[in-house]
Amino acid sequence: MERADELEESKIKVEKNIPCQLSDGTILHSDVYRPNDEGMYPVLMLRLPYDKETPRYYNEYLDVPRMVEAGYAIILQDVRGRFASEGEFYPFIHEGKDGYEAVEWAAKLPFSDGNVGLFGMSYHGYTQLAAAAEKPPSLKAIAPVMTMGDPFGDIPNIEGAPNAIGKFQTWVLGSIIEDQLKRSNQLDETKFQGYLENMVERLFDKPADEWPPMKDLDPNSFFFEVMQGKLSPELKENAKLDDKFKNTEIPALFMGGWFDALLTPTLDMYNAYDGTKMLWIGPWTHEDMTGRAGDRFFQHALENIGVDKMKDPTEIHIKWFDKWLKDKPLSIEKPVHLYLMEQNKWEAFDEWPLTNGVSELYLHSNGNSQTRHGDGKLDTNPSTAKTKTALKLDPFDTVPIRGGNVLIAGHESGIFEISDIQDRGDVLVYTSSPLEKDVQLLGTVKAVIWGSSPTQLFDISLRISDVDESGHVYNIIDTFHREKTDAINEPFQLELVIGTTAYMLKKGHCLRLDMTASKAPLYDINLNNGTTTKTNVTGKAAIEHIYQGGETGSKIILPLADNLS
């Protein structure tokens, strides 16, 4: 990112690796971009573990030169133990205290007017929230994008709960370990690149808590403490931020993507944030905010955003920080802004969650709902006949995942055609009649599912899709759930959240629900013996059952918005 001369000519002063000494003596290094004069300006800081020199944090996610031209000093800081900064990196646990001290350091810099804001996405969305939870006096506003407040939630989880091992493995091997090995002079570049190039296949290695790539590259890594459940409850609880924002005075701008892997935790954090806040959700993935989401492209995703026609995410950030750091009027009136997919437009709302009407669709089948050619149907009327359908899980031949809100190596987020997946015999499929009018889903889709399990672990993945008139099938939302049960081969009820969306199903299309008993390699695989591929290797194929009709009738619950303009 050699832009110093160019930036000097454009009246932007660049200062590299400015030291920030913390109270324990650790020095963090920061790059500063600020107006090239003697003035004093509010500071906007991004604290990240992915190298402050990486161009995307300068000109892809947000346009730093424009933020400088808007009258801000921008600081990009490597967090403790990463790239140019000193110390030892351990995910999440230092970000609160370090963030507090970094904010107060920034407030006292010679060019600072004492007002500080934080911005950033993903991990550096968390660094903002962790710092804000410590209430640094100089922090006036934050803008967490596509992030989470409970970082250890399912990365990975306790034994018997779903473990997002694929996400954790992808993150550590793909984004973290290389710099760690360089710092300790242990990087074997050939070996590392070999694992990186074959990561997609290596995600199926088992047991995951002894993952061979990490065992070989860095056997003492934090990876194993996290994966093997050796983190103390106190540490995990301290890193969890959801309950630390009661009556907070720090305004927060939240942004999420309908196809972002962190959409649910972003919404959870927004709902838990008890202070002035704003929410934007676009047709974005974790990697792409242009409007491309898999095989779909959505207009007005990156430019002319919202009913207020914001130029782009950078302008939204500038207007947000202008309000709280410069006391300028905020021209964006409503707090909630949602992109309505298949309408290709934005709508603004006064609240989230929305208070919409709901529609219930009941699962119907005579027990042969395997594949999209089976007898599975969705109907507004419940079935009086109690039936059950066999759902096979072969841990060595799992159903492939495609699209949705994924963040793992070799898998792209967004909308894709999935009819071939629904041709498999280990996929249950339920389809509505062709819709008589457009149906706008707007909010959280839920399900009540009755199932039974041959073992103590019951795994279920549910997906909602859109079937067009020609029979093409496109995924919309999906989820995965694992239930521990002692009621072997006895029906039990689950109340599940499938996902949150703003998607219009067009007249003549059908709404479809499909179910599988796995979601690998994102989650560990049920081995049908009370264990999973997180800790074990051997397993066998087995049959779960899904129930339809009667007192064990399953259904989905759709949030409908019929009153939009």
Side-chain angles (χ1 to χ4, degrees), residues 150 153-154 157-158 160-164 242 263-272 352-365 369 376-384 386-389 391 393 404-405 427-430 432 441-465 475-501 503 511-519 522-523 526 544-560:
D150 184 10
D154 62 356
N157 221 322
I158 59 174
N163 292 267
D242 303 55
L263 175 60
T264 295
T266 296
L267 291 174
D268 289 345
M269 195 63 246
Y270 175 84
N271 291 332
W352 180 271
L354 306 175
T355 52
N356 287 336
V358 298
S359 175
E360 296 184 340
L361 293 178
Y362 296 86
L363 277 62
H364 288 239
S365 171
S369 54
K377 291 180 171 43
L378 295 172
D379 196 274
T380 53
N381 297 310
S383 171
T384 56
K386 178 180 176 181
T387 62
K388 66 178 181 180
T389 302
L391 176 57
L393 169 58
N405 301 54
V427 180
L428 307 189
V429 181
Y430 303 84
S432 75
L441 302 180
L442 187 57
T444 300
V445 179
K446 302 178 182 180
V448 176
I449 301 296
W450 283 86
S452 63
S453 175
T455 70
Q456 290 184 318
L457 296 183
F458 175 85
D459 285 15
I460 188 76
S461 181
L462 297 91
R463 172 169 48 203
I464 299 294
S465 54
N475 61 289
I476 304 174
I477 50 173
D478 60 79
T479 191
F480 178 77
H481 179 81
R482 175 170 294 146
E483 185 78 6
K484 293 187 73 172
T485 178
D486 293 325
I488 305 303
N489 292 320
E490 293 294 327
F492 56 86
Q493 184 189 77
L494 296 174
E495 296 184 4
L496 305 174
V497 170
I498 302 179
T500 303
T501 190
Y503 186 95
L511 184 145
R512 178 172 286 172
L513 168 72
D514 73 60
M515 299 187 202
T516 66
S518 63
K519 195 177 181 182
L522 177 55
Y523 288 96
N526 186 350
E544 302 175 351
H545 284 93
I546 300 298
Y547 292 79
Q548 303 102 176
E551 68 273 18
T552 53
S554 300
K555 64 181 179 181
I556 57 174
I557 304 160
L558 307 172
L560 302 183

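Throughout, residue positions are numbered sequentially from 1 according to the sequence presented.
Between S554 and W450, the shortest heavy-atom distance links the atoms OG-N, 2.9 Å. Across every non-hydrogen atom of S359 and L560, the tightest pair is CB-CD1, 3.4 Å. Minimum interatomic distance between N163 and A161 (heavy atoms only, all atoms of both residues): ND2-O, 2.7 Å. Here the closest non-hydrogen pair linking S518 and S461 is O-CB, 3.6 Å. Of all non-hydrogen atoms in D242 and A272, the two that sit nearest each other are O-CB, 3.2 Å.
In this structure, the side chains of I460 and M515 come closer than 4.5 Å at one or more pairs of heavy atoms. The closest side-chain heavy-atom distance from D478 to K519 is below 4.5 Å. At a threshold of 4.5 Å between non-hydrogen side-chain atoms, the residues R512 and I464 do not count as touching. When side chains are defined from C-beta on, V429 does not count as touching K377, because their heavy atoms never get closer than 4.5 Å. Proximity of D154 to Y523: side-chain heavy atoms (C-beta onward) are separated by under 4.5 Å at one or more points. Annotation: side chain of I449 is in contact with side chain of L462 (closest heavy-atom distance under 4.5 Å). Here the side chains of E490 and S452 are not in contact, with every heavy-atom distance at 4.5 Å or above. Residues D486 and Q456 are in side-chain contact: their nearest non-hydrogen atoms beyond the backbone lie under 4.5 Å apart.
Within the model, atoms OG of S365 and OH of Y430 stand 5.0 Å from one another, a figure rounded to the nearest 0.5 Å. To the nearest 0.5 Å, atom CZ of residue R482 and atom OG of residue S453 are 11.0 Å apart. A distance of 7.0 Å separates CG of L511 from OG of S465, quoted to the nearest 0.5 Å. Interatomic distance, R463 CZ to I476 CD1, rounded to the nearest 0.5 Å: 11.0 Å. With rounding to the nearest 0.5 angstrom, the CG atom of L391 is 5.5 Å from the CD1 atom of I546. Here CG of L457 is found 9.5 Å from OG1 of T485. Values are rounded to the nearest 0.5 Å.
With N356 contributing its side chain and L442 its backbone, the two residues share a donor-acceptor pair below 3.5 Å.
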Take L558 and I556 through the side-chain contact (heavy atoms from CB on, under 4.5 Å) test and state the conclusion after the steps.
CA-CA 6 Å; L558 307 172; I556 57 174; 4.0 Å; yes
Between E551 and K386, does a salt bridge (charged side-chain N to carboxylate O under 4.0 Å, His left out) hold up when you go through it step by step?
CA-CA 7 Å; E551 68 273 18; K386 178 180 176 181; 3.8 Å; yes
Steps toward side-chain contact (heavy atoms from CB on, under 4.5 Å) verdict (N526, L393)
CA-CA 8 Å; N526 186 350; L393 169 58; 3.5 Å; yes
Under the criterion side-chain contact (heavy atoms from CB on, under 4.5 Å), I'd like the reasoning laid out for D459 against H481: C-alpha separation, chi angles, the key distance, then a yes or no.
CA-CA 6 Å; D459 285 15; H481 179 81; over 6 Å; no
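Tested against V445 for a side chain to side chain contact (heavy atoms under 4.5 Å, CB included), the candidates L496, I498, V358 yield a single pass: I498. With respect to K555, the side chain to side chain contact (heavy atoms under 4.5 Å, CB included) criterion is satisfied by exactly one of T380, L378, V448: V448.
Every residue two or more places apart in sequence or in another chain that forms a side-chain contact (heavy atoms from CB on, under 4.5 Å) with P353 is listed here: N271. Looking at residues two or more places apart in sequence or on another chain, you find a ring-ring contact (aromatic ring centres under 6.0 Å, His included) between Y270 and F254.
Classified by interplanar angle (parallel below 30°, tilted 30° to 60°, perpendicular above 60°), the ring pair F492/F458 is perpendicular.
For the residue pair T387 and Q548, a side-chain donor N or O sits within less than 3.5 Å of a side-chain acceptor on the partner.
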